[in-house]
Amino acid sequence: MLNRREALPAIAGLVALSAAALAGCGSGSSGTSADASGITTVKVGVMPIAALAPLYLGVRKGVFEKHGLKLEPQVTQSGAAIVPAVVSGQQQFGFGNPVTLMTARDKGLPITIVAQGSEAGPGESKDFEGVIVAKDSPIRTPADLAGKTIAVNALNNIGGLLISGALQKQGVDPKTIKFMEIGFPDVNAALAAGRVDAAYQTEPFLYQAKQSGDRVVLHQYPALADRITIANYFTAEQFAKQNPKVVKDFQAAMNESLEYASAHPDEVRTIVTTFTKIPAEAAAKMTLPGWSATLDPKANGLDLVGRLAHEAGLIKRQPDFGELIAS
């Protein structure tokens, strides 16, 4: 697993993030109000990736409006940037991976998970991310990754954490791996240029990499569990306490949207082209993440992610899901 010394930069960054966000809590608005038609507008921190398709489908299908909500997506490039915006009240809800959320909570940020975001497995979605190598690379198996440099989109976060866990299960010492931070859009070019030996990649870039001949040598999710949560929707505790109906309405609408997206993949492939830069050809063929309304730490692998994060030193204690997940 990631050693504690490797985790220190990320943890130090969260400490600074915690202080800044908590300092701003008083300036953000934690209340909302409905308009004359009974609709409440909420801002949601999102990223331009396929995993957000259920939210956009829910808006298009009128699901959120049916539950009395109007969403204003606020596009950001990372969950780490969304967390302080939600805590300070600039946004009412956000989307982020569970390692970011667990680390933030562990450092004292008062956030709470309200819905599933995306997950891997047990069907084709188990393969929507993986570790790739160039087509002419001598690396053929996970064992060949020992001692190599692997690109990840963010250091000391969910990508490297779960890759390390999967390699460890397959007999590879993750301490021999060097992780280099490279954003998903730049990974394929970095691999082609030989800057790294292998790379953690996601869709639609994974599809594009395979089209050029690059090979997947490790799908980390099925190596760890049948189902693993990759992202969640969350809010600030203060907002949840002051606006319980809005949170319940968001949960209900989000759960309905997640189930709709899971049952209508063709509509997902169409809508992702409207809020991302994914070409229609890639959207039509890429592997989709999984979506479910089930928010159960044992059933969807949140507890596994928490255990691995604790063992890696990213969090001081294993998550208390009674605190982390809204009732």
So, applying side-chain contact (heavy atoms from CB on, under 4.5 Å) with Gln92, which one of Leu71, Thr40, Val42 is it? Val42
Glu256 with Lys61: basic N within carboxylate O range, under 4.0 Å: no
Quick check on Glu65: does its CD atom have over 12 non-hydrogen neighbours (other residues, nucleotides or ligands) under 6.0 Å away? no
Quick check: does any side chain N or O of Asn188 sit under 3.5 Å from a backbone N or O of Phe205, one acting as donor and the other as acceptor? yes
Has Gln170 got more than 12 heavy atoms of other residues, nucleotides or ligands less than 6.0 Å from its CD? yes
Is the distance from the ring center of Phe250 to that of Phe93 below 6.0 Å? yes
In terms of heavy-atom contacts, Trp291 and Gly117 come closest through CD1-O, 3.1 Å
Flag the pair Val216 / Lys210 as yes when at least one side-chain heavy-atom distance between them is below 4.5 Å, and no otherwise. yes
Sort out for me which residue in Thr103, Thr76, Leu101 forms a side-chain contact (heavy atoms from CB on, under 4.5 Å) with Val83. Leu101
Short question: side chain of Ser292, backbone of Thr294 - any donor-acceptor pair under 3.5 Å? yes
Do Met180 and Val152 make a side-chain contact, defined as non-hydrogen atoms from C-beta onward lying under 4.5 Å apart? no
Under 3.5 Å: donor-acceptor pair, side chain of Gln201, backbone of Phe184: yes
Side chains of Thr100 and Asn157, donor plus acceptor under 3.5 Å: yes
pair Ser257-Leu57: side-chain heavy atoms closer than 4.5 Å: no
In terms of side-chain geometry, is the basic nitrogen of Arg105 or Glu237 positioned less than 4.0 Å from the acidic oxygen of its partner? yes
What one should report as the nearest heavy-atom pair of Thr235 and Ala240 is CG2-CB, 4.1 Å
Where the side chain of Asp197 meets the backbone of Thr149, is there a donor-acceptor pair that is under 3.5 Å apart? yes
Closest heavy-atom pair, Ala253 versus Val63, reported as atoms and distance to 0.1 Å, is O-CG1, 3.5 Å
Go through it in stages, so that I can follow the logic: the residues are Asp127 and Tyr221, the test is side-chain contact (heavy atoms from CB on, under 4.5 Å), and I'd like the CA-CA distance, side-chain angles, deciding distance and then a yes or no. CA-CA 7 Å; Asp127 296 334; Tyr221 303 131; over 6 Å; no
Does this structure show an ion pair linking Glu323 with Arg317, if we count only N-O contacts that are shorter than 4.0 Å? yes
